[in-house]
Each structure stands twice: as C-alpha cells, then as structure tokens.
Amino acid sequence: MSRILIIGSEGQLGSELSSFLSKNIEHDKIVLSDIRNNSSSDLTYQKLDALNYDEIKKTVLKYNISEIYHLVAILSAKGEQNPMKTWDLNMNSLFNILELAKNKFIKKVFWPSSISVFGETSPKNNTNQFSVMEPSTVYGISKLAGERWCEYYNQRYNTDIRSIRFPGIISSNTLPGGGTTDYAVEIFYSFLNNKDYKCFLNKETILPMIYIDDAINSIFNLMKENKKKLSIKSSYNISGFSINPSMIFEKLNKINESFKIIYEPDYRQKIADSWPNSINDEYAKRDWNWMAEFDLDRTIDIMIKRLKTKYND
Ligand code: SER
C-alpha cells in the first residue's frame, strides 16, 4: 500500500489539508510530519526536519510514500527578519523533495507557491499567469526560484511536481504565522474576543484572498487531474476574491457595532503594496476546472461559525 506524506502538517495549510484528507481517504494511507515533537491529530505522525534529506528518504521508504505535500516555508513578513534562514529553509527543503522525485523514490509532489512571486512591476489588476515577476521579498524570491526549479525538474527529469500560487488564505484551524495577509485571519479573533483590532495594513490595501476550503479543494483537484491536461509545469495562478481591510471590518461592524479597527500600517504595508490586487486564473479554470466557491460574505459567515465552535469545544 502506498501512502501520502504531508510535511508541515501542523501549519495553516497542513492542519486543514490533513483533516480534509482524513475525511476523504483511509487514515492508514496518511502520514503527517512537522518539526514539532507531536501532532494534534490522531493520524500517524513522524517528527521530521525538512532540511534533512536522509531523514525524509528514510520516512518515505518506511511508510512506502508515493506522494508528498511539501508545505514548509517561512512566509513573507517573517522572512524579512532573517533573509538567509528563509532562503535556506524555503529552497533547500524544496530541493530535498525535488531530488526524491528525480530519484524516483516518490511519484507525485504538491508544493505551494504564492502571489508573492509578483512585484511592483507586475500589472496590479487581473494579473496574468505570465506577467512580469520581480518579487521584492525573500519569500517571494524563494517562491519564484522554487517555481522555476519545479518546472526544470518536470521538463528535464519528467517528474510530477504540481503547484498553485496561493493568495492570502483565510482559515480557522490554526493562525497563519508571519504572512502579510495574516490580518484577514487575526481580525476574526479580535472580533470574537470583543477586542479592537489593530490592523498593520491601511484600509485601502486590496489583496487577493481565498477561503481555506477553496484552497484545499484546489490542491485536491489539481492533484487528481490527468497530468497530460496540465499545461503549466511551474505553478498555477488561482483567484478567490479581492478585499481590503475596511471591507471585512464594515461587515463585522454590522454584526457588532461596538467592534472597532485601528489602522497602524507597519513594514508589511510595503510588501502588500508590491502585490497584485486581483489575479487572472484562466489557465487553472481551463486545465483542471478550477472554480472558487467562497466570496467574502460566505467566508465571514463560516469563519465566525467555525471559530465559535472552536472556542466552545
Ligand atoms: N500569505 C502569504 C504571506 O502573506 C502570501 O503567500 O506571506
């Protein structure tokens, strides 16, 4: 029996992907791993350092892994505090997985890229798959380089590495850590705790976002598509909805009028300003029928519902 391995299973994407997969495939086909000692999930868990090729290879052989979801990265804002560490982790952990694929230890890989591959010289609106890409953060540079390497391995070694450029992901399971789009998650915690929210971006900053269920579905659908249909060998643009902080605030304020927001932009403003407002995802739509289901209203409803359930558990 072959299994799938999630590396980075305790993070924002990993924790939601593992709970989604556990509802859709047999539990003994899933192996979770992260740098932490333990997992909050009941699934098989292995502590793993994504920078250690031998350790990952051992795990792959031990559990007969055929597919890896490699979700380890230092995000855009945190990355700026330690550029070299970010470059090292983001790139060398990816190379470990690419090499395992090239050496035929595994058959298929999913690796997330990001809208951070775009920069100030990219078109702002409806940003195309092949727009100018001059990222200004070390995270964005590592994602763009990673994309080029994924394509290189796919073309040169016929590997099957699949990837999506994620917008900001709004989710309730775990807090994202160190991203520029994190405000769109944090604001819900303040709202439910009856606290004012101090927003680190200004009210007009429009960024592309996606609700986690759409993000997880996109991964699942891309991974099950016939490889022949995938014309993009690097990473697919996808789009959910575009919002600025005041759009979320206005809607939350309608639910509870005493909720307040204070805008105190910091160094993350510059990062956000370098990213697109909206994304053109025609290739994902055409190649693997991508379609987002959640808009801002649905996202707000479900976030409040899920976070309330989480608090009451
Ligand atoms: N959510 C990420 C970040 O803000 C973007 O991919 O860093």
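Every number for a ligand or one of its atoms is a count from 1 in the order of the listing. For this chain, numbers begin at 1 and follow the sequence in order. None of these values were measured; they are calculated from a predicted model. Hydrogens, waters and symmetry mates play no part in the numbers below; they use all other heavy atoms, side chains included.
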(message) For ligand 1 and S116, I'd like to know whether there is a polar contact (N/O to N/O, distance under 3.5 Å).
(response) no
(message) Once you restrict to heavy atoms under 4.0 Å, what part of Y183 touches ligand 1? Side chain, backbone, both or neither.
(response) neither
(message) What protein heavy atom lies closest to atom 7 (O) of ligand 1? Include the residue and the distance to one decimal.
(response) S76 OG, 2.6 Å
(message) Applying the ring-ring contact (aromatic ring centres under 6.0 Å, His included) criterion to Y236, which one of W288, F166, W290 satisfies it?
(response) W288
(request) Starting from atom 2 (C) of ligand 1, find the nearest protein heavy-atom neighbour and note its residue, name and distance. (result) T181 OG1, 3.9 Å
(request) Please say whether T180 places an N or O atom under 3.5 Å from an N or O atom belonging to ligand 1. (result) yes
(request) Flag the pair D297 and K251 as a salt bridge only when some basic side-chain nitrogen lies within less than 4.0 angstrom of an acidic carboxylate oxygen. (result) yes
(request) Tell me which protein heavy atom sits closest to atom 5 (C) of ligand 1, plus the residue, atom name and distance to 0.1 Å. (result) S114 OG, 3.4 Å
(request) Using a strict 4.0 Å cut-off to heavy atoms of L75, name the atoms of ligand 1 that fall inside it. (result) 7 (O)
(message) Are any of the N/O atoms on W275, whether in the backbone or the side chain, positioned under 3.5 angstrom from an N/O atom of ligand 1?
(response) no
(request) Kindly confirm or rule out a cation-pi arrangement of R156 over Y152, judged by NZ or CZ under 6.0 Å from the six-membered ring centre and within 45° of its axis? (result) no
(message) Within the structure provided, determine whether T137 and E80 are in side-chain contact (heavy-atom separation under 4.5 Å).
(response) yes
(message) Less than 6.0 angstrom from the centroid, inside 45 degrees of the normal: does R268 satisfy that with respect to the ring of F200?
(response) yes
(request) Check each atom of ligand 1 against the heavy atoms of Y139 and keep those under 4.0 Å away; list them by number with element. (result) 5 (C), 6 (O), 7 (O)
(message) Quick one about T180 and S76 (side-chain donor to acceptor, distance below 3.5 Å, no hydrogens or angles considered), yes or no?
(response) yes
(request) Would you mind reporting whether V109 and Y69 have side-chain heavy atoms less than 4.5 Å apart? (result) no
